Engineer: 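Mind having a look at this structure? Questions to follow.
Residue numbers count from 1 along this sequence. Just so it is clear, the structure is predicted and the values come from calculations on it, not from any experiment.
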Amino acid sequence: MSSSLAPEIAVRLKRDAHGLICAVVQSHETKEVLMVGWMDDEALHRTLTTGRATYWSRSRQELWRKGDTSGHVQHVRSVAIDCDGDALLVEVDQVGPACHTGTSTCFEAGGQLQVTSAPEEQA
């Protein structure tokens with residue numbers, strides 16, 4: 001599938017071996033990280049031009065727009081590229097839970113891992 005992503009954006013991206021870039025999704029209101037998704041050039045183009053978050057499903061090998069089946073829509077407020085060009089930060093207004101499990105974030109559903117070492121002292 002060809003993409004309509006603007007060349008000046010496309011040239012800044014460092015994609016993985018599958019042509020994907022990591023998209024960290026954050027609540028515009030609370031700044032809480034809601035989920036992580038993957039975008040190809042076409043998903044990013046659609047996200048930027050429609051105002052709705054669109055991702056590449058690695059399991060289904062197809063584009064999917066968040067909320068089309070669940071109703072849990074992500075209205076995009078901003079998208080930023082990190083300094084290395086290998087990740088995106090997508091700020092959204094989330095309607096309903098962000099996680100397919102029904103929790104507000106995918107990290108809530110996954111749970112905390114125990115950190116056993118103490119932070120290093122700052123000099």
Engineer: Would you check if Leu44 and Ile9 make a side-chain contact, meaning some heavy-atom pair closer than 4.5 Å?
Structural biologist: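 Sidechains of Ile9 and Leu44: in contact.
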
Engineer: Would you say Leu20 ends up clustered with Leu88 if hydrophobic residues are merged whenever their side chains have heavy atoms under 4.5 Å apart, either directly or through other cluster members?
Structural biologist: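 Not linked; separate clusters.
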
Engineer: Show me the pairs that pass salt bridge (Lys or Arg N to Asp or Glu O under 4.0 Å) and involve residues 48-61, at least two apart or across chains.
Structural biologist: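 Listed once each, the pairs are Arg52-Asp68, Arg60-Glu62.
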
Engineer: For residues 3-30, pull every pair meeting salt bridge (Lys or Arg N to Asp or Glu O under 4.0 Å), keeping only residues two or more places apart or in separate chains.
Structural biologist: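 Residue pairs with at least one partner in residues 3-30: Arg15-Asp41.
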
Engineer: Using the rule that two of Ile, Leu, Val, Met, Phe, Trp, Tyr join whenever any of their side-chain heavy atoms come within less than 4.5 Å, decide whether Phe107 and Leu89 are in one cluster.
Structural biologist: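 In one cluster with Phe107: Leu89, yes.
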
Engineer: Within the side chain of Gln26, is there an N or O that forms a donor-acceptor pair under 3.5 Å with the backbone of Glu91?
Structural biologist: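 Such a contact is absent between Gln26 side chain and Glu91 backbone.
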
Engineer: My understanding is that only residues two or more places apart in sequence, or in another chain, count here; which of them pass side chain to side chain contact (heavy atoms under 4.5 Å, CB included) with Ser104?
Structural biologist: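 For Ser104 the side chain to side chain contact (heavy atoms under 4.5 Å, CB included) partners, ignoring immediate neighbours, are Glu108.
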
Engineer: Walk me through whether Val76 and Thr50 qualify under side chain to side chain contact (heavy atoms under 4.5 Å, CB included).
Structural biologist: CA-CA 9 Å; Val76 178; Thr50 67; over 6 Å; no

Engineer: Which pairs pass ring pair (Phe, Tyr, Trp, His ring centres under 6.0 Å) with one or both residues in residues 54-91, sequence neighbours excluded?
Structural biologist: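 Sorted result for residues 54-91: Tyr55-Trp64.
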
Engineer: If two hydrophobic side chains count as joined below 4.5 Å and joins carry through other members, does Ile81 share a cluster with Val92?
Structural biologist: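 Linked within one cluster.
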
Engineer: With rounding to the nearest 0.5 angstrom, report the CG to OG distance, Asp40 to Ser57.
Structural biologist: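 Rounded to the nearest 0.5 Å, the CG-OG separation comes to 11.0 Å.
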
Engineer: Would the distance check show the side chain of Thr103 and the main-chain N or O of Cys99 forming a donor-acceptor pair, the cut-off being under 3.5 Å?
Structural biologist: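 Not confirmed, Thr103 side chain does not pair with Cys99 backbone.
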
Engineer: Who are the side chain to side chain contact (heavy atoms under 4.5 Å, CB included) partners of Ala87, not counting sequence neighbours?
Structural biologist: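 Applying side chain to side chain contact (heavy atoms under 4.5 Å, CB included) to Ala87 gives Asp82.
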
Engineer: Between His28 and Gln94, is any pair of side-chain heavy atoms under 4.5 Å apart?
Structural biologist: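 SC-SC contact between His28 and Gln94 ruled out.
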
Engineer: Output side-chain donor-acceptor pairs under 3.5 Å for residues 32-39, partner residues at least two apart or in another chain, one line each.
Structural biologist:
none

Engineer: Taking all non-hydrogen atoms of both residues into account, name the closest pair between Ile21 and Gly85 and its distance.
Structural biologist: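 Where Ile21 meets Gly85 most closely, the heavy atoms are CD1-O, 3.3 Å.
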
Engineer: About how many Å separate CZ of Arg46 and CG of Leu5, when rounded to the nearest 0.5 Å?
Structural biologist: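 Between atom CG of Leu5 and atom CZ of Arg46 there are 12.0 Å.
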
Engineer: Give, for atom CD of Gln61 and atom NE2 of His18, the distance between the pair rounded to the nearest 0.5 Å.
Structural biologist: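 Output value for this atom pair is 8.5 Å.
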
